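No hydrogens, no waters, no symmetry mates; every other heavy atom, side chains included, goes into these values. Numbered from 1 within each chain, the chains take letters A, B, ... in sequence-line order. Here the structure is a predicted model, which means the values were calculated and not measured.
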Protein chains: 2
Amino acid sequence: MADVGDDERIALLRFVERFALVLREAGMAPMPARVLAYALADDADRYTAGDLARGLGVSPAAISGAVRQLVQVGLLVREREPGTRSDLYVLDDRDLWSRFMTAELASLHRFEEAVAGGLEVLGTERPGGRRLAETRDFMAFLHQELTDALARWPAERDRLAGERDGAPVPR
Amino acid sequence: MADVGDDERIALLRFVERFALVLREAGMAPMPARVLAYALADDADRYTAGDLARGLGVSPAAISGAVRQLVQVGLLVREREPGTRSDLYVLDDRDLWSRFMTAELASLHRFEEAVAGGLEVLGTERPGGRRLAETRDFMAFLHQELTDALARWPAERDRLAGERDGAPVPR
DNA sequence: CACAACCTTCACGAAGTTGTGAACATCTAT
DNA sequence: ATAGATGTTCACAACTTCGTGAAGGTTGTG
């Protein structure tokens, strides 16, 4: 029996599946979603590919592809400790969600490009073109708002952390 | 030959596919994505299911499921003109993207619920729990920011429209 | 009242995706 | 140098999902 009990391990995996499901609904592939959820919720700071495979109970091959994708979008960082023969994957939790949102912003940028392409073809005079123009405006607006919000997050996070530690929630 | 030319029709369908692809990457199913893109970019205000089927060159069966989903999430409104035997589907473009974002906010809410469930099991003391807590904070922060931004959009849209019509782009 | 048009539902064939198992490459310790 | 272990790549099998075609239900028309 593990130090925290097998029940907790099962509960952890249950949560991983649940959270991964939400991530999948948001467009992420199943295995990367599981790996991200697991690395987030389990207690270790760094994971080898083997840790992830054993922890999730899946084949090493599945991990390989998943971490590659996660590293590519910047949600996971690959590290290498000298004198060891395995890569370490680190969830940089201080900036994790900023990174996540940055990826979302890239997706938003693809939206804007697609709409701009449509506008070139359709013009802005006809009803369809006008709708497209408004769509472009909204995307640009949202892009700016999200960028601003993202810039505000670090301060907000520190404020929340300070509240917890220093002045135990005014209420 | 149609009044706007077949070339434009082809260009329209090409745009529809391109834009639908982006929507799919954002998590939308293929056929609803196509229908939404088509209803947005084509010039009609209202479409019957048959219009959509012929316009997109797909079977009526595919339209049926697609519009049901779109109506369910509020992106399309079903109307019925008295004395006609077909439903009309309307893209309420004035509020379209607000509706779209509202749906996104619902997705964000599922995130928050999933994380809250995990926190109940894991607690906030262990490293994994702390990461989860920060995740929850970020989600709540983002939820608030998006809600605020959404409230600002109508005014911003009117400002942009006024700029275009009244004072022809200062520059 | 019967007909015709339109939309919906259902089951099927097809296409794309996912994760596994086995072989291969890389690297460390003996 | 050899052996052992770890991570990666490739091809395959299982699964899920998608869109079509045919049948059924409903509504307005002749």
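For Phe111(A) and Phe19(B), the gap between ring centers is short of 6.0 Å.
In this structure, Arg68(A) has no salt bridge (charged side-chain N to carboxylate O under 4.0 Å, His left out) partners at least two apart in sequence or on a different chain.
Of the possible polar contacts, one joining the Tyr47(A) side chain to the Asp42(A) backbone as a donor-acceptor pair under 3.5 Å is found.
Annotation for Glu113(A): atom CD counts as buried by contact number, over 12 foreign heavy atoms lying within 6.0 Å.
At the heavy-atom level, Ala49(B) lies under 4.0 Å from the strands shown only through sugar-phosphate atoms. Residue Tyr89(B) is in sugar-phosphate contact alone, with no base atom involved, counting any heavy-atom pair closer than 4.0 Å across all strands shown. Residue Arg80(A) is out of contact with every strand shown, counting any heavy-atom pair closer than 4.0 Å. Pro30(A) comes within contact range of the sugar-phosphate backbone alone, with a heavy-atom separation under 4.0 Å but no base atom that close. Ala62(A) comes within 4.0 angstrom of a nucleotide base, judged by non-hydrogen atoms across all strands. Nucleic acid contact class of Ser86(A) (heavy atoms, under 4.0 Å, all strands): sugar-phosphate only. If you check every strand for non-hydrogen atoms under 4.0 Å, Arg24(B) touches nothing.
Here dC10(D) presents its C1' atom at 12 Å from CZ of Arg68(A), a figure rounded to the nearest Å. We find that CD of Gln69(B) is positioned 13 Å from P of dT9(C), with the value rounded to whole Å. The CZ atom of Arg78(A) sits 6 Å away from the P atom of dT8(D) (whole-angstrom rounding). Residue Ile63(B) contributes atom CD1, which lies 9 Å from atom P of dT20(D) at whole-angstrom precision. If you take CD of Glu17(B) and C1' of dG19(D), they are 13 Å apart, rounded to a whole angstrom. Rounding to whole angstrom units, CD of residue Glu25(B) and C1' of dT17(C) are separated by 16 Å. In this structure, Met31(B) places its CE atom 17 Å from P of dT17(D), rounding to the nearest Å. Across the protein-nucleic acid pair, Leu88(A) atom CG and dG7(D) atom C1' stand 13 Å apart, rounded to whole Å.
A salt bridge does not link Arg130(B) to Glu125(B): none of the charged side-chain nitrogens sits closer than 4.0 Å to a carboxylate oxygen.
A close approach under 4.0 Å does occur between a side-chain nitrogen or oxygen of Arg34(B) and OP1 or OP2 of dG19(D).
Side-chain atoms of Asp87(A) lie closest to dT8(D) of the nucleotides dT20(C), dT8(D), dC7(C).
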